[in-house]
Amino acid sequence: MGSRVKLQNYYRSIGLPLLVTWVAAKLLVGEPVQGATLKIGTVFPLSGQQSTYGEESANGVELALEELKSKDPKLAAQIVVVKEDEKSNPVDAGNAVKKLLSVDKVDLVLGSVASSNTLSMVAPVLEAGKILVSHASTNPEVTKKGDAIFRTCFIDPFQGTVLANFALKNLNKKSAAILLDHKSDYSKGLAQYFEAAFVAGGGKIVAKEAYEADNKEFRTQLTKIRSTKPEVLLIPGYYQDVGMIMKQAKQMGFKVVMLGGDGWDSPALFDLAGPAVVDHYFSSHFSVDDTDPAVQTFVKAYTTRYKKAPGAMAALAYDTVFVVADAFKRAGDNSSAALKKAMSSVKGYKGITGTISINKDRDAEKDAVVLKTQANKAVFSAKVSPTSP
Ligand code: PHE
């Protein structure tokens with residue numbers, strides 16, 4: 001027998017049993033033999049201090065998948081979602097993502113919200129050779145960790161600049177104090193970028209005080225800040241803390257215009273702060289007042305289904321599902337190489353939170369809005385584009 005024939009016989013002898021085993025395995029786990037499936041693992045803060053973010057994120061994902069079913073049933077049928085709760089802290093976020101990667105064997109991770117929590121998810125995702133897309137984490141470090149990490153939201157150097165310019169130009173304020181959460185990457189970053197832009201624009205920082213996420217008492221810091229007579233007070237924190245800070249400031253009779261970032265964007269802020277919430281400003285990703293028909297259709301669909309208006313978080317998660325689904329479709333495959341390439345080339349996707357294009361840093365450059373707080377809601381005040389913050 002020639003060596004070629006021997007080799008052919010050898011391949012035939014191992015090839016057929018291998019093929020039979022593979023088909024049987026596929027049938028056993030119930031996967032279609034043909035057509036790739038995209039397994040998405042979502043990591044959101046479904047419980048704990050940031051739970052309204054988790055709730056809105058999960059709703060946004062659910063609503064998007066529901067709509068995808070009618071828009072592109074074939075694509076929708078190829079997407080599977082496995083959900084995990086990161087309980088509003090970095091340790092559980094890391095554990096949740098490790099479980100999704102090793103047990104569920106997801107192809108792509110969607111999440112999380114707080115930048116510190118997403119930052120603790122990045123290493124396991126990179127080690128597993130998978131992809132992460134965050135819909136909401138704005139700290140610039142997140143996507144710098146590796147070329148498989150993407151986001152569909154803007155970043156904090158832009159958000160900080162938007163807030164500084166709003167204070168200087170729209171409100172005509174020249175002195176600011178900052179009260180930040182010194183353990184949160186988001187809070188520290190936003191404070192730093194605000195300060196840089198505010199000082200560059202001719203403003204002065206007169207006080208800087210810190211707290212931690214579990215604190216319930218802010219009167220010491222507020223007393224110190226009040227003594228420096230700032231014209232505005234930047235609180236780059238999340239709604240739970242901000243709500244309490246607003247309430248305690250009002251109880252002390254400390255009147256000052258407060259400014260914040262997207263971390264304020266939660267219906268719970270209004271409940272927590274009560275009457276102390278009115279006439280402050282925060283930057284965010286989306287406004288329910290936007291007259292764009294697509295935005296209004298989304299607001300209506302969300303409100304009908306969940307019996308409350310959507311915040312930025314719901315809109316971000318909703319948009320991100322469509323961006324990821326479209327990237328998967330263009331990739332034609334669930335391999336990380338193909339998904340990475342498709343995610344890198346997202347261009348001009350018209351979403352609810354603005355037009356999404358992924359730049360060379362794997363971030364989205366898009367408009368921010370500034371909203372003004374009123375008794376029970378935030379109303380549109382300004383729109384700012386990344387080219388002229
Ligand atoms: N940008 C925040 C962070 O990075 C998270 C957030 C996004 C909160 C949007 C509210 C709305 O930590």
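Positions are given from 1 along the sequence. For ligands, and for the atoms within them, numbers begin at 1 and follow the listed sequence.
Residue Tyr238 approaches ligand 1 through these ligand atoms, each under 4.0 Å from one of its heavy atoms: 3 (C), 12 (O). Listed by number with element, the atoms of ligand 1 under 4.0 angstrom from any heavy atom of Ser137 are 4 (O). Residue Met313 has at least one heavy-atom neighbour below 4.0 Å for each of these atoms of ligand 1: 6 (C), 7 (C), 8 (C), 9 (C), 10 (C), 11 (C). Residue contact check: Ala136 has heavy atoms under 4.0 Å from atoms 1 (N), 2 (C), 4 (O), 5 (C), 6 (C), 7 (C) of ligand 1.
Proximity of Ser115 to ligand 1, defined as any heavy-atom pair under 4.0 Å, is shared by backbone and side chain alike.
A donor and an acceptor atom, one from each side chain of Ser115 and Asp185, are nowhere located under 3.5 Å apart. Between the side chains of Glu67 and Tyr318, at least one donor N or O lies within less than 3.5 Å of an accepting N or O.
Looking at ligand 1, you won't find any N or O of Tyr186 less than 3.5 Å from one of its N or O atoms. At under 3.5 Å, not a single nitrogen or oxygen of Ala114, backbone or side chain, sits near a nitrogen or oxygen of ligand 1. The distance criterion of under 3.5 Å between nitrogen or oxygen atoms is not met by Tyr53 with respect to ligand 1.
For Lys208, the NZ atom counts as loosely surrounded, since its 6.0 Å shell holds 12 or fewer non-hydrogen atoms of other residues, nucleotides or ligands.
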(request) Take Phe44 and His135 through the ring pair (Phe, Tyr, Trp, His ring centres under 6.0 Å) test and state the conclusion after the steps. (result) CA-CA 10 Å; Phe44 300 141; His135 59 310; 5.3 Å; yes
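Salt bridge annotation for Lys144-Asp361: absent, with no cationic side-chain nitrogen under 4.0 angstrom from a carboxylate oxygen. Contact check on Asp104 versus Lys39 returns no salt bridge, with no Lys/Arg side-chain nitrogen under 4.0 Å from an Asp/Glu carboxylate oxygen. Using a cutoff of 4.0 Å between basic side-chain nitrogens and carboxylate oxygens, Arg151 and Asp363 are scored as salt-bridged.
Taking atom 10 (C) of ligand 1 as the reference point, the nearest protein heavy-atom neighbour is Asp262 O, 2.9 Å.
Using bins of under 30°, 30° to 60° and over 60° for the plane-to-plane angle, the ring pair Tyr302/Phe298 lands in the tilted bin.
For His285, the heavy-atom gap to ligand 1 drops under 4.0 angstrom. Not close to ligand 1: Tyr239, with no non-hydrogen atom less than 4.0 angstrom away.
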